[in-house]
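Below is one structure, written out as structure tokens; the observations come after it.
The chain is numbered in sequence order, starting from 1.
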Amino acid sequence: QVQLVESGGGLVQAGGSLRLSCAASGRTFRSYYMAWFRQAPGKERDFVAAISWGGVTTSYANSVTGRFTVSRDNAKNTVYLKMNDLKPDDTAIYYCAADPVGGMTSAYAYWGQGTQVTVSS
């Protein structure tokens with residue numbers, strides 16, 4: 001089992017940047033595919049980005065490609081989401097997720113509590 005704690009959210013103006021972090025407990029972090037999802041008010045939770053166990057493979061939603069970068073540091077049990085050129089439509093609660101298999105669906109076994117990102121116009 002793994003516990004996930006996100007941090008780094010906040011209020012930023014359009015065009016600005018934020019870096020989210022997700023710290024994982026346990027000694028088997030490298031065994032998990034890691035992902036970021038987000039949920040805007042009144043909308044479903046959507047896939048944002050994912051990164052493979054060793055960090056070689058990444059995937060992104062079309063809406064964030066070229067602006068967001070997912071990375072991980074297995075020595076620190078942490079996954080990151082660097083968000084550049086933020087837009088008001090990026091406003092949402094951002095969730096970190098972990099799963100032994102991973103992918104781009106929401107079928108992840110473990111979830112963090114979320115961190116709020118608000119982008120003002």
Exercise for the section: Answer yes or no: is there a side-chain heavy-atom contact under 4.5 Å between Leu18 and Tyr94? Expected result: no
Problem - Contact summary for Leu81 and Ala49, nearest pair of heavy atoms - result: CD1-CB, 4.1 Å
Practice task
Can you tell me which residue pairs pass the ring pair (Phe, Tyr, Trp, His ring centres under 6.0 Å) test with a partner in residues 41-62, sequence neighbours excluded?
Solution key: Tyr33-Trp53, Phe37-Phe47
Exercise for the section: Give a yes or no on whether the backbone of Gly15 and the side-chain of Asp85 come within a donor-acceptor separation of less than 3.5 Å. Expected result: no
Practice task
Return the orientation label for the Tyr32 and Tyr110 ring planes: parallel under 30°, perpendicular over 60°, tilted otherwise.
Solution key: perpendicular
Exercise for the section: Give the minimum heavy-atom separation between Arg67 and Leu86, together with the two atoms involved. Expected result: NH1-CA, 3.9 Å
Practice task
Grab the two heavy atoms, one from Ser121 and one from Ala14, that are nearest each other, plus how far apart they are.
Solution key: CA-CB, 4.3 Å
Handout entry: Nearest non-hydrogen partners of Ala40 and Ala92, listed with the distance
Key = N-CB, 3.8 Å
Handout entry: Met34 CE to Asn74 CG distance, which is reported to the nearest 0.5 Å
Key = 9.5 Å
Exercise for the section: Kindly say whether Thr118 contributes a backbone atom to a donor-acceptor pair with the side chain of Thr91 at under 3.5 angstrom? Expected result: no
Practice task
Let me see the working for Tyr80 and Leu20 under side-chain contact (heavy atoms from CB on, under 4.5 Å), right down to the final yes or no.
Solution key: CA-CA 6 Å; Tyr80 305 96; Leu20 305 183; over 6 Å; no
Exercise for the section: Answer yes or no for Arg45 and Tyr95: cation-pi contact, defined as NZ/CZ to six-membered ring centre under 6.0 Å and angle to ring axis within 45°. Expected result: yes
Completion exercise
On a heavy-atom basis, the closest approach of Leu4 and Val2 is CD2-CG2, 4.0 Å
Completion exercise
Taken to the nearest 0.5 Å, the spacing of Cys22 SG from Trp111 CH2 works out to 11.0 Å
Fill in the blank from the handout: residues 6-25 vs side-chain hydrogen bond (donor to acceptor under 3.5 Å, both in side chains), sequence neighbours excluded, gives Glu6-Gln113, Ser17-Asn84
Completion exercise
The residue among Asp90, Val117, Ile93 that forms side chain to side chain contact (heavy atoms under 4.5 Å, CB included) with Arg38 is Asp90
Exercise for the section: Decide whether Tyr108 and Trp36 are clustered together by the hydrophobic rule: side chain heavy atoms of Ile, Leu, Val, Met, Phe, Trp, Tyr closer than 4.5 Å, transitively. Expected result: no
Handout entry: Spatial distance of atom OG (Ser59) from atom CD1 (Ile51) [nearest 0.5 Å]
Key = 9.5 Å
Completion exercise
Between Val79 and Cys96, the two heavy atoms sitting closest are CG1-SG, 3.8 Å
Exercise for the section: Would you check if the side chain of Arg72 reaches a backbone N or O of Phe29 as a donor-acceptor pair within less than 3.5 Å? Expected result: yes
